[in-house]
Protein chains: 2
Amino acid sequence: MSDRVVPPAARQRRRPTKQGVVLSAELIVGTALRLIEEHGADALSVRRLGRALGADPSALYRYFRHTDDLMLAVADELIGRSLRSWRPTGDWAADLRDLGLRMHAGALAHPRAATLSAHRVTGRAHEIQAVESILGVLRRAGFPDAEAVRIYHAFVDQALAFGALDSAGTALPRAAREAEAEVWRTTYGRLPAETHPHIAATARHLVASMRTSSYPAALDLFLAAARTRLGQLRARTGDARPH
Amino acid sequence: MSDRVVPPAARQRRRPTKQGVVLSAELIVGTALRLIEEHGADALSVRRLGRALGADPSALYRYFRHTDDLMLAVADELIGRSLRSWRPTGDWAADLRDLGLRMHAGALAHPRAATLSAHRVTGRAHEIQAVESILGVLRRAGFPDAEAVRIYHAFVDQALAFGALDSAGTALPRAAREAEAEVWRTTYGRLPAETHPHIAATARHLVASMRTSSYPAALDLFLAAARTRLGQLRARTGDARPH
DNA sequence: ACCTTATGACAACACCGTTGACCTGTTAAG
DNA sequence: CTTAACAGGTCAACGGTGTTGTCATAAGGT
């Protein structure tokens, strides 16, 4: 039964659920997001979502072909929410930094959706808008086209990849997350200097650092490198604009 | 029943399964890896793994506390295989570059396993050795401890994150991968300059760039930034060693 | 007011991870 | 060489999951 899903435009009979809820794709996506935020990523199952909506689980299959389909819709909503309020200021590095942090934060807020969508090109409105914005920032900064694309690609992939990586961490069941912290504290924190001198020497820093995301640091390194690169390009072409 | 798992050293009675297989942690991990590669990440379940091994699913719980435990072992095995033949040369940047590319290649070689395991801290032998090696390279290069840890963290996460991102791409079903390329060629390749000037101006480069991984570029930017950082640190401390 | 049919509900299917109880072959001690 | 302990494989069950075939009914056009 593959034609169970009806395109939203063609939907006409708005019959309420037994419990009196009128379903819609938007309501389902919104409830899914709420469920994830309130009770963690593993709280999202078709059955629980149905329960939260006040509908039979199978009713959702009138709106989404399967769970992946639903998660992609959630992801799309996510892009929109993350970048809705972003505006370029003219300082290209600051703009990119802001964008990167927003994308990363958006991913962290909705881990399951992020891990699912990080590696997919949707070609939908929000995504196109983001691509255009980033390329604009880079070209206005003075990067020649080929270089702008190279930097754009690395920038976006880095944001997506770290977003997925870090949100996978937060999506772990609570027990597993605590186990990870424990591993750093006990296993790595107690290796003897004779066998593992470098870990032993930096154990204190390691334990502290591993509790937080390395994305801000990685992003800043990235921007620093891009700034240097731009300087080289300008020197070569005799352009002396400040950066 | 939490004391079901017996440490491998203490294991003595090697009783074969009904189907004549003698189990071991190594055999289980190896079979899991094979299963994932051959039939996709979804093919890995305790029950299927048991069937593939010729043992009752519950027998695996004598070797691993739960599925997560098993996945960590698989992840560690993956790290071990990727870095087995790496040797430091003394040129820290070249060494890191080599390491990063190996980790990335290792992830690509086992895409489905990589996507499952990239974000976990295993605390096992191979991982510990990798941490020690990377920290060693950085500290010998002259990075002070706090900085070495910061750079280590960003470096490792970048390699893992891009590894996961890129292998998620290659792990997609063929049809989905072709659809993605199609999106770039048609959707992005044909946006009019009036509405999307930056995409239109760089479309040619975009289509070409998106076909390949951005990790090498990102890695080189990372190393360039680290080199600059090291230079600043040396200038500040009056150290004039060459880089 | 009637008919069509979209849409929600129900029940069932085939899986999943995990555990407690059981059974038996291996091994070490006598 | 026998025997008793127990490690380790097996079985059955629990409560969960996504998904689908079928049915009932209320909404909306006529």
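Order of the sequence lines sets the chain letters (A, B, ...), proteins ahead of strands, with each chain counted from 1.
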May I have the distance from [X] (atom [atom1]) to [N] (atom [atom2]), rounded to whole angstrom?
X	N	atom1	atom2	result
A/L70	D/dT19	CG	C1'	14 Å
B/Q19	D/dG9	CD	P	13 Å
A/H66	D/dT20	NE2	P	9 Å
B/R62	C/dT19	CZ	P	12 Å
B/L23	C/dT26	CG	P	14 Å
A/I28	C/dG8	CD1	C1'	12 Å
B/L60	D/dG9	CG	C1'	11 Å
A/F64	C/dT7	CZ	C1'	15 Å

When you measure from the side chain of [X], which nucleotide among [options] comes out closest?
X	options	answer
A/T17	D/dT10, C/dG8, D/dG18	C/dG8
A/A55	C/dA9, D/dT20, C/dT18	C/dA9
B/P16	C/dG8, C/dT18, C/dT26	C/dT26

Report task. Find out whether B/L53 and B/Q19 are in side-chain contact, i.e. whether some heavy atom of one side chain is under 4.5 Å from a heavy atom of the other. Result ->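 The answer is no; the side chains never approach within 4.5 Å.
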Query - Carboxylate-amine/guanidinium contact B/D95 B/R87, below 4.0 Å - result: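 Result for this pair is no, no salt bridge flagged.
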Query raised in the report: Between B/R124 and B/D69, is the closest basic N to carboxylate O distance under 4.0 Å?
Result: yes
Report summary line: Closest non-hydrogen contact found for B/T212 with A/H153 is O-CE1, 3.1 Å
Query raised in the report: Which of these, B/F155, B/Y215, B/F162, sits in a ring pair (Phe, Tyr, Trp, His ring centres under 6.0 Å) with B/H104?
Result: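 Only one option passes, and that is B/Y215.
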Query raised in the report: Which of these passes side chain to side chain contact (heavy atoms under 4.5 Å, CB included) with B/I28: B/V74, B/L33, B/L49?
Result: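 Only one of B/V74, B/L33, B/L49 forms a side chain to side chain contact (heavy atoms under 4.5 Å, CB included) with B/I28, namely B/L49.
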Query raised in the report: Side-chain N or O of A/Y63 less than 4.0 angstrom from OP1 or OP2 on C/dG8?
Result: yes
Query - A/R204: salt bridge (charged side-chain N to carboxylate O under 4.0 Å, His left out) partners, not counting sequence neighbours - result: none
Do any N or O atoms of the protein come closer than 3.5 Å to N or O atoms of nucleotides 11-16 of chain C, and which pairs are they?
residue, atom, partner, partner atom, Å
C/dC16, OP1, B/S45, OG, 2.7

